Every structure is written in structure tokens, then in C-alpha cells.
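Small disclaimer: the values here were computed from a predicted structure and weren't measured. Numbers restart at 1 for each chain; the letters A, B, ... are given by sequence-line order, proteins then strands.
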Number of protein chains: 2
Amino acid sequence: MNEVAKSSPSSETSLRRLAPDDLDVLENLLSFYMRAVTHTLSRDLDARLAGLEVAKGTGKITALLLIDSHPGIRASAISEATLRDRPSMSRLLTHLEAVGLIEQRVEPGERRARGLYITARGHAVSQEVRKITRAQSTEFFAVLDEDDQSHLMRITRKLYHHIREGLA
Amino acid sequence: MNEVAKSSPSSETSLRRLAPDDLDVLENLLSFYMRAVTHTLSRDLDARLAGLEVAKGTGKITALLLIDSHPGIRASAISEATLRDRPSMSRLLTHLEAVGLIEQRVEPGERRARGLYITARGHAVSQEVRKITRAQSTEFFAVLDEDDQSHLMRITRKLYHHIREGLA
DNA sequence: AGGGAAAGTTGTATTTGACAATCATCGATC
DNA sequence: GATCGATGATTGTCAAATACAACTTTCCCT
């Protein structure tokens, strides 16, 4: 068992380093490119956010920005918008509250839910985050010309909205 | 401290569920859409791969496919292509070998490196994986018309290649 | 022969994420 | 107006990915 399957040999050099366009197997694998690029995008963003107490966060900054712009928003609305599950969001919000960026208030008339509110410091951090993400959008996607950038935005938004409709 | 910053109130309904287009704060946040969509894409792929011993793998299937099509390929070449770091890839390959999908052979003349080879079972799994990923590409991106799909492929490939050039 | 680079591995810590189960509250119905 | 189902959220637990640093082995070049 564990015999090695026969297949045609590869060139010697390609074994050491794959040429960027020697990914023929993956050529039609859109998901591969999406994931590889997004992975780098996230790491880049993390690096830019380093030290900002919302770093390392995929969902942290989205939560913060949404709370900043939608005072009183519910946790479930955020987890839905970010396509994450609720338990993760719950812990994440607990953390954000612990570091003093947001507040959770039980709303009168709906005591199950908690309204989320930004604190003064949270608001300041939000603005910093916005500045950073704007800079990243500009720089990370700088290789793309205007048209490609707007294409990408339009297409990913379309996918995003379609996903959310599917979940509704 | 922890005072709540003043801001304009949101509509009552938006606090419960954000309308898909009520993400004005994030409108120009391409990275948000990229990450959200890719996150769903990965989960969808995981679900499709369930039970296939390479499931839950972001890098596993790429490694497998590359080894299948490039017999003798080096681990470093794979980690470079997938934009991951080497330690992760090392452990991942150890796992793939443990379950009998690949073999690692010390190559004569270069005893530092290990050539990676697919096993018969690994080859079979590869073909299954290819079938699944092709199906996913078709179905997941079905909302997009032909043009958008090719745009997305072209743009993400451009980003990917640019990233790899930057690392070289 | 020796120093530096390259290929991999191991150690460790941080995160994330999913899923199930639970608690509290609301609302609707009988 | 009491109960049952639905809704909002939290907790517990577990599996996995990922990064970064340190270390070993081997190769290459002078």
C-alpha cells in the first residue's frame, strides 16, 4: 500500500519554486485565488492595526465601526452582517466592552436584547480604524487600475448581498 | 470615563437587522466584502469536502493538488504558492503523509529537501477534490454572469501574482 | 575548512470558529 | 393570565489554523 502513483515528471526547477503562472492545476480555481489574496489582505490589515487593541480582529473592527455608526445596534445584527455566528460575536463584544470601547445597555421594553453604544474612546479608535482601512484599500489594491477596483468592489458586494439574501 | 459618545440615533428597525445596503460605513471598505465573502466561500467548501480527510483544509487541498500535478515538488514551493508560512505547511504535510495521501522522499543529491509524491489513494482523492471545487466554482459564483466571473478571476489572479512578486 | 544560506522541524502561544446546550425574555394563543 | 414557542444572548467545550522564534541538518561558496 501507499504506492506512489505514476505521473509525468515535472521540470527540475519547478520543484524548487513554482513560477507564478505554473499553477495550471489551479487555473480555474477561483476559490484558491480568493482565499490566498484575502489571507494576505487580512495579515496586512492586522499589521496596520497593530497596537490598536482591535488588532488581530477580523470582526472586531467591523463591529466597532457598525456600533459607531448605528448606536443601539443589536449584537445579532452585527453577527448577521459579518456573516459570523453569534457566540463568537458575543465574546468579541464582551472583549470590546472590557477594554472600554463600547457599552452594552439593556434596553427598556426589550430586556432580552442589549443595545450597543460606542464610548468616547471607542469613537476615537473608530476614526483611527477608518483612516487605516482607507489607506489600506488604496495601497493594497493599488496594482489595480480604477476600473478593476470598481469591478472588484461591485462584484464582491454582489456576492455579499446574495449570500445575505440566502441566509434570510 | 467610558462615557458614551453622542451621535445621531438610528432607525429602530435597523437596530434589529441591518438592511443589506445599510452598511454605508463600510461602503468603501473593499476589504470587508472580500473577507466576508471569502469566509463564506471557505465554509461552503469545507462543507462540500466533509468526510474527505482533507476537509477543513484551506491549504490541504492546494497542497494535494499541487503534489498531484507536480511530482517531486518541495514543501517550500507549496508554502510559497499558498502564501502560508513553512511551519504550517510542514505539519500539514506530515498529516497528509500520516493518512496515506502523499509520500515524502529524501532526494539523492539534495538531502535537505524532500520530494513530495502523491500516492494512489492521494491521486484518487485529488480527482474527487477537483470535481468538488469545480462544482463549487460553478455554483457559488452562479449569481455572477459570465463577465463578472471572468473579471473576478482576472482581478484576483492579478492581485495574487502581484503579492507573490512582492515576496520574491 | 568555515561561514552563511536554505530546507525543514519543533515549540509555544494566540486566535478563531463551530456546535450544542442553557438562560432569560417576549409574544401569542387559548 | 398561564403556558408554549420563538427570539436574543451567553457559556462550555473542542478542534484547528497561524504566526513567530529557535533549532537541526545539509548544501554551497570562497
[X] [atom1] to [N] [atom2]: how many Å, rounded?
X	N	atom1	atom2	answer
A:Arg74	D:dT7	CZ	P	14 Å
A:Arg84	C:dT16	CZ	C1'	9 Å
B:Leu93	C:dA7	CG	P	14 Å

Quick one: which of [options] gets closest to the side chain of [X]?
X	options	result
B:Lys60	D:dA17, C:dG8, D:dT11	D:dA17
A:Ser76	D:dC20, C:dG17, D:dA9	D:dA9
B:Pro87	D:dT10, C:dG17, C:dT10	C:dT10

- Could one point to a donor on the side chain of A:Arg112 or the base of D:dT7 with an acceptor on the other under 3.5 Å away? yes
- Looking only at N and O atoms, is any donor in the side chain of B:Arg91 or the base of C:dG11 less than 3.5 Å from an acceptor on the other one? yes
What nucleic acid atoms does [X] come within less than 4.0 Å of, heavy atoms only: base, sugar-phosphate, or nothing?
X	result
A:Arg86	base
A:His95	nothing
B:Glu107	nothing

- Considering heavy-atom distances to DNA chain D, does A:Arg43 or A:Ser90 have its closest nucleotide positioned more toward the 5' end?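 Final value for this comparison: A:Ser90.
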- Query: What are the two closest non-hydrogen atoms of A:Leu65 and A:Ser126, and how far apart are they?
  - Reply: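 What the structure gives for the nearest pair is CD2-O, 3.7 Å.
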- Query: Without hydrogens or angle criteria, can the side chains of B:Arg86 and B:Ser76 be said to hold a donor-acceptor pair below 3.5 Å?
  - Reply: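 Result is no, nothing qualifies.
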- Query: Distance only, no hydrogens: is a donor on one side chain within 3.5 Å (strictly under) of an acceptor on the other, for A:Arg164 and A:His161?
  - Reply: no
- Is it true that A:Arg112 and A:Glu110 have a side-chain N and a carboxylate O under 4.0 angstrom from each other? yes
- D:dA17 phosphate, OP1 or OP2: any side-chain N/O from B:His39 under 4.0 angstrom?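 So the side chain of B:His39 is outside the cut-off, no N or O lying under 4.0 Å from OP1 or OP2 of D:dA17.
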